[in-house]
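This report concerns only the one structure given below.
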Protein chains: 2
Amino acid sequence: MADEIAELMQSMGRRARAAAAELAFAPAPQKAAALSAAAEALLADIPGLLTANAADLAYGREKGLSDAMIDRLILDEARIQAIAEGMRAVAAQPDPVGQVLAEWDMPSGLHIRRVRTPLGVVGVIYESRPNVTADAGALCLKAGNAVILRGGSESFHSSTAIHAAMVRGLQAAGLPQDAIQLVPSRDRAAVAAMLRMVDHIDVIVPRGGKGLVGLVQAEARVPVFAHLEGICHVYLDAAADPDKARRVVVNAKTRRTGICGSAECLLIHRDLVDGLGARVIADLVAAGVEVRAGEGLHHLPGVKPAAVEDFGREFLDMIIAAAVVDDVDGAIAHIRRYGSQHTESILTEDDATAERFFQRLDSAILMRNASTQFADGGEFGMGAEIGIATGKMHARGPVGAEQLTSFKYLVDGDGTIRA
Amino acid sequence: MADEIAELMQSMGRRARAAAAELAFAPAPQKAAALSAAAEALLADIPGLLTANAADLAYGREKGLSDAMIDRLILDEARIQAIAEGMRAVAAQPDPVGQVLAEWDMPSGLHIRRVRTPLGVVGVIYESRPNVTADAGALCLKAGNAVILRGGSESFHSSTAIHAAMVRGLQAAGLPQDAIQLVPSRDRAAVAAMLRMVDHIDVIVPRGGKGLVGLVQAEARVPVFAHLEGICHVYLDAAADPDKARRVVVNAKTRRTGICGSAECLLIHRDLVDGLGARVIADLVAAGVEVRAGEGLHHLPGVKPAAVEDFGREFLDMIIAAAVVDDVDGAIAHIRRYGSQHTESILTEDDATAERFFQRLDSAILMRNASTQFADGGEFGMGAEIGIATGKMHARGPVGAEQLTSFKYLVDGDGTIRA
């Protein structure tokens with residue numbers, strides 16, 4: 001069985017590589033046409049997709065999935081419309097391939113251009129959300145990459161149906177159908193194989209919980225774009241504007257608690273503890289948030305004392321840690337120690353303080369007077385995202401089509417030789 | 001002993017990480033001043049450096065190094081001047097850190113900037129050339145990175161002396177001296193340790209022969225910027241200009257045969273075999289090149305028949321393989337099969353043919369009517385290079401200071417919350 005899976009994955013890898021070679025020079029309108037046709041194909045058989053989804057839901061309930069997991073899995077007409085809209089939005093984005101990133105002349109007479117190219121083959125390993133099949137497939141195609149998708153076993157039938165629509169889109173546009181492949185097996189050996197396919201996969205993007213991402217990061221021999229955790233901090237500086245601060249902190253924590261851009265720790269300038277700090281904490285408590293407060297904050301109404309392990313922790317829930325810091329340097333030191341280099345926000349009207357926060361921290365995203373919940377490819381104008389990366393190699397922050405590209409140099413001479 | 005090395009490397013790694021945190025916001029003039037001061041320090045003690053080099057040469061001769069290896073190792077006053085000039089050239093380049101790569105506004109009111117940041121800590125593992133100590137140290141510092149240098153045991157004393165001058169430069173400019181560290185041991189365990197220091201090293205750059213690079217690529221858990229081989233092709237198209245073609249082919253092969261940009265295979269359009277192709281091959285033979293000719297070329301004077309393994313082979317010598325292809329698509333197919341994605345050049349006056357070659361191949365560098373010997377950071381205007389990468393992740397082609405950077409997003413709001 002393991003041998004069969006290994007052979008299947010090798011075959012998928014070879015076919016992906018061959019498709020990528022063709023996709024690399026596919027004209028932009030052809031790729032966009034494939035995505036539009038895929039959206040149409042998806043909408044043309046909503047009942048079929050709902051039937052497939054029902055099979056997944058039955059399997060999931062039998063398996064005893066949590067309500068949150070079931071919610072991620074469910075498709076209805078509105079969600080299917082949203083998936084199709086996503087494909088069309090990616091189709092409408094500018095095509096990154098072939099963009100001239102820089103060009104210059106050299107004294108030798110050479111004219112040099114750096115031009116965007118596809119990365120090659122992307123592997124996406126995800127859990128229960130069936131819409132990742134569409135988002136990841138669309139973004140990879142847009143960037144001229146072939147993709148091998150390995151969805152969670154819970155969403156197997158839904159992903160298979162969405163994938164079928166994407167293949168119909170590829171066929172309608174005359175593109176190789178191996179450009180978007182879905183692993184047709186629930187066997188976990190497929191994941192292990194993908195992580196080691198250095199000859200056939202250029203980058204792996206894991207989408208899911210810490211368990212999945214941690215496994216991929218630890219085991220992959222192929223490069224990985226991912227974030228393990230989003231331990232986002234908000235720092236309330238002495239020069240914060242009270243209205244902005246109260247608005248942003250509550251939004252950063254409570255808008256949605258289950259996403260990686262949700263704030264997990266509030267840092268309060270010492271001078272504000274009994275003023276704006278107390279008001280912000282009261283706002284959080286009033287909004288139903290459990291505030292786990294560090295030293296110097298225990299006297300505030302409604303808080304619980306924080307344990308040591310509450311700092312540097314991703315709650316993904318209506319819980320936030322809070323600590324007092326001396327100043328922006330204290331906040332920077334706290335974030336360097338406990339952060340996950342995902343997203344941090346400073347609340348201040350002082351330009352020099354904001355500049356110090358921006359310069360001295362090295363998270364993928366640093367914000368001023370804005371909610372960490374904006375850490376998202378759509379909110380960054382990328383149309384969609386395949387994930388958010390906290391590593392520093394190649395892609396960082398929200399990963400859209402542009403970040404799924406590489407580049408090459410095109411050099412024009414006139415019989416030019418080197419002395 | 002292995003334990004001691006492991007402990008030493010961990011300590012160097014921690015110190016590099018701490019230095020990198022400071023370097024990340026070091027002002028551009030301070031980094032440039034450190035490089036200028038390092039150049040001065042180097043020139044201030046030429047006799048000391050020559051004495052150190054003499055010790056290496058004595059060790060190398062005792063060890064029975066080849067003449068080529070000894071030549072790479074030798075320092076004289078001119079070479080030391082060139083090393084100091086290199087440092088000054090890097091100092092004079094624009095500082096990449098803090099450059100705004102893109103900025104835009106979103107309908108939410110957010111202003112988003114993508115800003116260049118240092119990568120962090122770079123590890124450089126190299127063989128006998130002592131000048132790599134200076135080039136790699138200078139480029140890493142320029143990009144705001146700390147660097148851990150592990151030179152070859154043959155150049156141990158020379159590298160130590162050059163490193164000492166760089167540390168004096170750092171001190172003179174008030175920068176942390178751990179910004180540029182040299183492994184003070186010849187023990188090979190240091191290399192093995194570096195390859196696995198994922199917490200302390202962000203990227204490894206190996207500089208040396210195929211043995212070293214292959215080992216690093218196979219064993220490293222840290223990302224690697226490298227090329228294993230430079231199997232560069234030159235394709236002589238039917239629409240080639242005869243004068244340009246003859247000039248470029250001879251230069252691409254013979255200017256220097258030991259570098260990765262030297263041409264290793266000549267592909268000749270079928271229609272040219274007994275015309276321009278024969279003349280170009282005669283030029284190569286006259287220049288002292290051994291031409292290992294494939295089918296259809298055996299009748300040409302002075303050639304030897306090629307063996308199967310002569311295609312896809314890096315000769316690094318006065319030897320070139322030659323083959324007949326039907327047209328540009330035949331050349332593309334040959335290069336895809338046998339190339340190493342380093343550098344290829346097409347000789348043609350036909351724009352459509354050149355465009356096809358540029359679009360359908362995916363080498364790091366593609367050239368038209370120019371010698372592959374231009375594949376070099378200096379010739380690309382980068383001041384210097386730490387190496388040439390053929391991978392597609394992050395850096396590609398000549399790796400200068402700019403490619404040793406990452407980026408982060410800086411987001412300005414005005415109390416902006418997400419709906």
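These values consider heavy atoms only, across backbone and side chains, with no hydrogens, waters or symmetry-generated copies. Below, read A as the first sequence line, B as the second, and so on, with proteins coming before strands; counting in each chain starts at 1.
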Query raised in the report: If you draw a 6.0 Å radius around CZ in B/Arg256, do more than 12 non-hydrogen atoms from other residues or ligands fall strictly inside?
Result: no

Query raised in the report: Checking side-chain contact (heavy atoms from CB on, under 4.5 Å) for the pair A/Glu379/B/Met106: CA distance, chi angles, key distance, verdict?
Result: CA-CA 7 Å; A/Glu379 294 296 331; B/Met106 290 302 297; 5.7 Å; no

Query - Toward chain A, the part of B/Arg246 with a non-hydrogen atom under 4.5 Å - result: neither

Query - Structural part of A/Gln403 lying under 4.5 Å from a heavy atom of chain B - result: side chain

Report summary line: Under 4.5 Å to a heavy atom of chain A? For B/Pro118 that would be backbone

**Report entry** Option that, when pairs with chain A are counted at under 4.5 Å, heavy atom only, ranks first among B/Arg396, B/Gln341, B/Glu349
**Finding:** B/Arg396

**Report entry** A/Arg114 side, atom CZ; B/Phe380 side, atom CZ - distance, nearest 0.5 Å
**Finding:** 10.0 Å

Query raised in the report: What part of A/Thr343 gets closer than 4.5 Å to chain B, counting heavy atoms only: side chain, backbone, both or neither?
Result: neither

Report task. Please flag which part of A/Ile112 lies under 4.5 Å from any non-hydrogen atom of chain B: side chain, backbone, both or neither. Result -> side chain

Query raised in the report: What part of B/Ser345 lies closer than 4.5 angstrom to a heavy atom of chain A: side chain, backbone, both or neither?
Result: neither

Requested in this report: Tell me, out of A/Thr405, A/Asp376, A/Asp202, who's got the most heavy-atom pairs with chain B below 4.5 Å.
Outcome: A/Asp376

Report task. Inspect the contact between B/Asp414 and A/Lys244 and indicate whether a charged nitrogen and a carboxylate oxygen are less than 4.0 angstrom apart. Result -> yes

**Report entry** 4.5 Å side-chain heavy-atom contact, A/Asp362 and B/Thr117
**Finding:** yes

Query raised in the report: At what distance, to the nearest 0.5 angstrom, does NE2 of A/His394 lie from CE of B/Met393?
Result: 5.0 Å

Query raised in the report: Heavy-atom distance under 4.5 Å to chain A: side chain of B/Ala20, backbone, both or neither?
Result: neither

Requested in this report: Using non-hydrogen atoms and a 4.5 Å limit, figure out which bit of B/Ala21 sits close to chain A: side chain, backbone, both or neither.
Outcome: both

**Report entry** Main-chain N/O of A/Ile417 paired with B/Asn251 side-chain donor or acceptor, under 3.5 Å
**Finding:** no

Query raised in the report: Roughly how far apart are B/Asp412 CG and A/Asp351 CG, rounded to 0.5 Å?
Result: 9.0 Å

Requested in this report: Identify which part of A/Asp241 has an atom lying under 4.5 Å from any heavy atom of chain B, answering side chain, backbone, both or neither.
Outcome: neither

Report task. Could you tell me which portion of B/Ile365 (side chain, backbone, both or neither) has an atom closer than 4.5 angstrom to a non-hydrogen atom of chain A? Result -> both

Query raised in the report: What part of B/Phe225 lies closer than 4.5 angstrom to a heavy atom of chain A: side chain, backbone, both or neither?
Result: side chain

Query raised in the report: Looking at B/Tyr409 and A/Pro398, what are the two nearest heavy atoms and their distance?
Result: CE1-CD, 4.1 Å

Report task. Find the one option among A/Ala364, A/Gly397, A/Pro223, A/Ala240 whose heavy-atom pairs under 4.5 Å with chain B are most numerous. Result -> A/Ala364

Query - Interchain contact, B/Ile346 with chain A, by part (heavy-atom threshold 4.5 Å) - result: neither

Report summary line: d(A/Arg356 CZ, B/Phe25 CZ) to nearest 0.5 Å is 7.0 Å

Query raised in the report: Can B/Glu22 and A/Arg360 be counted as an ion pair, charged N to O under 4.0 angstrom?
Result: no

Query raised in the report: Where does B/Arg255 contact chain A at under 4.5 Å (heavy atoms): side chain, backbone, both or neither?
Result: side chain

Query raised in the report: Which atoms of B/Val203 come close to chain A, meaning under 4.5 Å heavy atom to heavy atom: side chain ones, backbone ones, both, or neither?
Result: side chain

Report task. Would you mind checking which part of B/Glu355 comes under 4.5 Å of any heavy atom in chain A, side chain (CB onward), backbone (N, CA, C, O), both or neither? Result -> neither

Report task. To the nearest 0.5 Å, tell me how far B/Leu410 CG sits from A/Arg368 CZ. Result -> 11.5 Å

Query raised in the report: If you round to the nearest 0.5 Å, how far is CZ of A/Arg247 from OG1 of B/Thr416?
Result: 7.5 Å

Query raised in the report: Passes side-chain contact (heavy atoms from CB on, under 4.5 Å), B/Arg221 versus A/Arg221? Steps please.
Result: CA-CA 8 Å; B/Arg221 293 292 297 176; A/Arg221 295 292 298 177; 3.2 Å; yes

Report task. Taking all non-hydrogen atoms of both residues into account, name the closest pair between A/Phe374 and B/Leu110 and its distance. Result -> CG-CD1, 3.4 Å

Report task. Heavy-atom distances under 4.5 Å only: say whether B/Ala24 touches chain A with side chain, backbone, both or neither. Result -> neither

**Report entry** Backbone of B/Lys392 reached by a side-chain donor or acceptor of A/Ser406 within 3.5 Å
**Finding:** yes

